[in-house]
Amino acid sequence: MTGGLTFTVANDGPGLAGSHFHSSTLTGDGGFAEVGRLFFFDDNGNEVREESRGLSEFDLSGLGTASEAILQFEVLFPGGLFLENENPFDGIIALLAYEGDNFESIGDFQITPTFALGDFPIDPINFSGGEIISLDITALYNSFIADGVSALGIRLENAPLIEGSQAWTFGNFLLTTEVAPPPPPPTDIPEPATLGLLGLGAVLALRRKR
């Protein structure tokens, strides 16, 4: 069981690259994967409309091929990390996988994903906090191991992007793997000449009995 390095990166508006953390161990408040948007007014009275994406990276060093690899994470609470986006949204969250580096990077906000793991709908009626999202990622995990990738990165983002200042916050990312059993030892198959000798030996044995 491997815990994820979990953080949140935000930009300064839709379509822009990531520019800062909303949650990071580098700033002492890591462990939160916030997904959604945050609207606020800056010091000049201009409205800023950020998008936030939650991320988690799993260290793959020392791990091998698995017969099963399960990704799971928890809905910590509806709403975001700030008063301005404390309300949850009703929408879709996309799960994307990328090659990580075991480091919280601003650029992970827009890093090119390796694989789309799928989408899941989320809404305030069916989710209130404490729910566990679980996904079988065995094929993806084994491909990363085979390619020697140092870290499996998971990114959660709202798609299509909502219009309001709303969010959801996730955490407790875990990767659970079952070690693949070793392949069976090869079976020695006698060569044709050996088979002939064995057959001759059987005939001789029968003759002796008679």
Trainee: Should F109 and Y98 be regarded as members of a common hydrophobic cluster, given that ILVMFWY residues are connected when their side-chain heavy atoms come within less than 4.5 Å of each other, either directly or indirectly?
Mentor: yes
Trainee: Side-chain contact test, heavy atoms from C-beta onward, threshold under 4.5 Å: evaluate it for I154 versus L96 and give yes or no.
Mentor: no
Trainee: Is it possible for you to say whether I93 and I133 belong to one hydrophobic cluster, with membership spreading through side-chain heavy-atom contacts below 4.5 Å?
Mentor: yes
Trainee: For the pair N44 (side chain) and N46 (backbone), establish whether a donor and an acceptor sit closer than 3.5 Å, ignoring hydrogens and angles.
Mentor: no
Trainee: Which heavy atom of S128 sits nearest to which heavy atom of P78, and what is that distance?
Mentor: O-CD, 3.2 Å
Trainee: Under the salt bridge (Lys or Arg N to Asp or Glu O under 4.0 Å) rule, what pairs show up with a residue in residues 152-168, not counting sequence neighbours?
Mentor: R53-E157, R155-E157
Trainee: Specify the closest pair of heavy atoms between D59 and S61, including all atoms of both residues, with the distance to one decimal.
Mentor: OD1-OG, 2.8 Å
Trainee: Between the main-chain N or O of G129 and the side-chain N or O of E131, is there a donor-acceptor pair closer than 3.5 Å?
Mentor: yes
Trainee: As an exercise, state the distance from CD of Q110 to OG of S105, rounded to the nearest 0.5 Å.
Mentor: 10.0 Å
Trainee: Atom CG in D90, atom CH2 in W168: separation rounded to 0.5 Å?
Mentor: 8.5 Å
Trainee: Using side chain to side chain contact (heavy atoms under 4.5 Å, CB included), reason through Q72 and N172 one step at a time and then give a plain yes or no.
Mentor: CA-CA 8 Å; Q72 71 175 45; N172 297 325; over 6 Å; no
Trainee: State yes or no: do F103 and F21 share one hydrophobic cluster built from I, L, V, M, F, W and Y residues joined by side-chain heavy-atom distances below 4.5 Å, directly or via other members?
Mentor: yes
Trainee: With hydrophobic residues grouped by side-chain heavy-atom distances under 4.5 Å, do F144 and F58 end up in a single group?
Mentor: yes
Trainee: For the residue pair F170 and L76, establish whether any side-chain heavy-atom pair is separated by less than 4.5 Å.
Mentor: no
Trainee: Evaluate the side-chain proximity of I162 to R37: yes if any heavy-atom separation is below 4.5 Å, no if none is.
Mentor: yes
Trainee: Less than 4.5 Å apart, side chain to side chain, heavy atoms only: is that true for L81 and F77?
Mentor: yes
Trainee: With side chains defined as the heavy atoms from C-beta onward, is the minimum distance between Y141 and T65 less than 4.5 Å?
Mentor: no
Trainee: Could you state the interatomic distance from OG1 (T169) to CD (E74), rounded to the nearest 0.5 Å?
Mentor: 11.5 Å
Trainee: So, E47 side chain and F39 main chain: donor-acceptor pair closer than 3.5 Å or not?
Mentor: no
Trainee: Side-chain contact, heavy-atom cut-off 4.5 Å: T138 with N142?
Mentor: yes
Trainee: To the nearest 0.5 Å, what is the distance between NE2 on H20 and OG1 on T27?
Mentor: 11.0 Å
Trainee: Cut-off 3.5 Å, no hydrogens considered: what does the side-chain donor-acceptor table look like for residues 111-126, sequence neighbours left out?
Mentor:
from	atom 1	to	atom 2	distance (Å)
D123	OD1	I125	N	2.8
D123	OD1	N126	N	2.7
D123	OD1	N126	ND2	3.3
D123	OD2	N126	ND2	3.1

Trainee: Could you measure the distance from the CG atom of N102 to the CG atom of L152? Nearest 0.5 Å is fine.
Mentor: 10.0 Å
Trainee: Return a table of donor-acceptor pairs under 3.5 angstrom between the side chains of residues 4-11 and protein atoms on other chains or two or more places apart.
Mentor:
from	atom 1	to	atom 2	distance (Å)
T6	OG1	S56	OG	2.9
T8	OG1	F32	O	2.6
T8	OG1	E34	N	2.8
N11	OD1	G13	N	3.1
N11	OD1	E51	N	2.8
N11	ND2	G13	O	2.7
N11	ND2	L16	O	2.9

Trainee: Quick one, L175 with I137, criterion side chain to side chain contact (heavy atoms under 4.5 Å, CB included). Give me CA distance, side-chain angles, the key distance, then yes/no.
Mentor: CA-CA 9 Å; L175 174 64; I137 60 167; 3.8 Å; yes
Trainee: Mind checking whether L174 and L71 sit in one hydrophobic cluster, side chains of I, L, V, M, F, W, Y counted as touching below 4.5 Å?
Mentor: no
Trainee: Please state whether the rings of F173 and F73 are parallel, tilted or perpendicular, taking 30° and 60° as the class boundaries.
Mentor: parallel
Trainee: Might you work through the side chain to side chain contact (heavy atoms under 4.5 Å, CB included) test for R49 and F40, ending with a clear yes or no?
Mentor: CA-CA 7 Å; R49 299 189 168 207; F40 64 94; over 6 Å; no
Trainee: Can you check whether T2 reaches L60 side chain to side chain, under 4.5 Å on heavy atoms?
Mentor: no
Trainee: Which heavy-atom pair separates G54 from V35 by the least distance, and what is that distance?
Mentor: N-CG2, 3.8 Å
Trainee: Does the side chain to side chain contact (heavy atoms under 4.5 Å, CB included) test come out yes or no for D12 and E50, once each step is laid out?
Mentor: CA-CA 5 Å; D12 294 319; E50 299 180 351; 4.2 Å; yes
Trainee: Using the side-chain hydrogen bond (donor to acceptor under 3.5 Å, both in side chains) rule, take N85 and S165 through it: C-alpha gap first, then chi angles, then the decisive distance, then the call.
Mentor: CA-CA 5 Å; N85 66 350; S165 183; 5.4 Å; no
Trainee: In sequence, state the C-alpha distance, the side-chain angles, and the governing distance for T177 and E68, and then conclude on side-chain hydrogen bond (donor to acceptor under 3.5 Å, both in side chains).
Mentor: CA-CA 6 Å; T177 57; E68 183 179 63; over 6 Å; no
Trainee: So does L26 get a backbone contact from the side chain of S24, meaning a donor-acceptor N/O pair under 3.5 Å?
Mentor: yes
Trainee: I'd like to check E57 versus D101 (side-chain heavy atoms, cut-off strictly below 4.5 Å). Are they in contact?
Mentor: yes
Trainee: Hey, does the side chain of N158 reach the backbone of P160 with a donor-acceptor pair shorter than 3.5 angstrom?
Mentor: yes
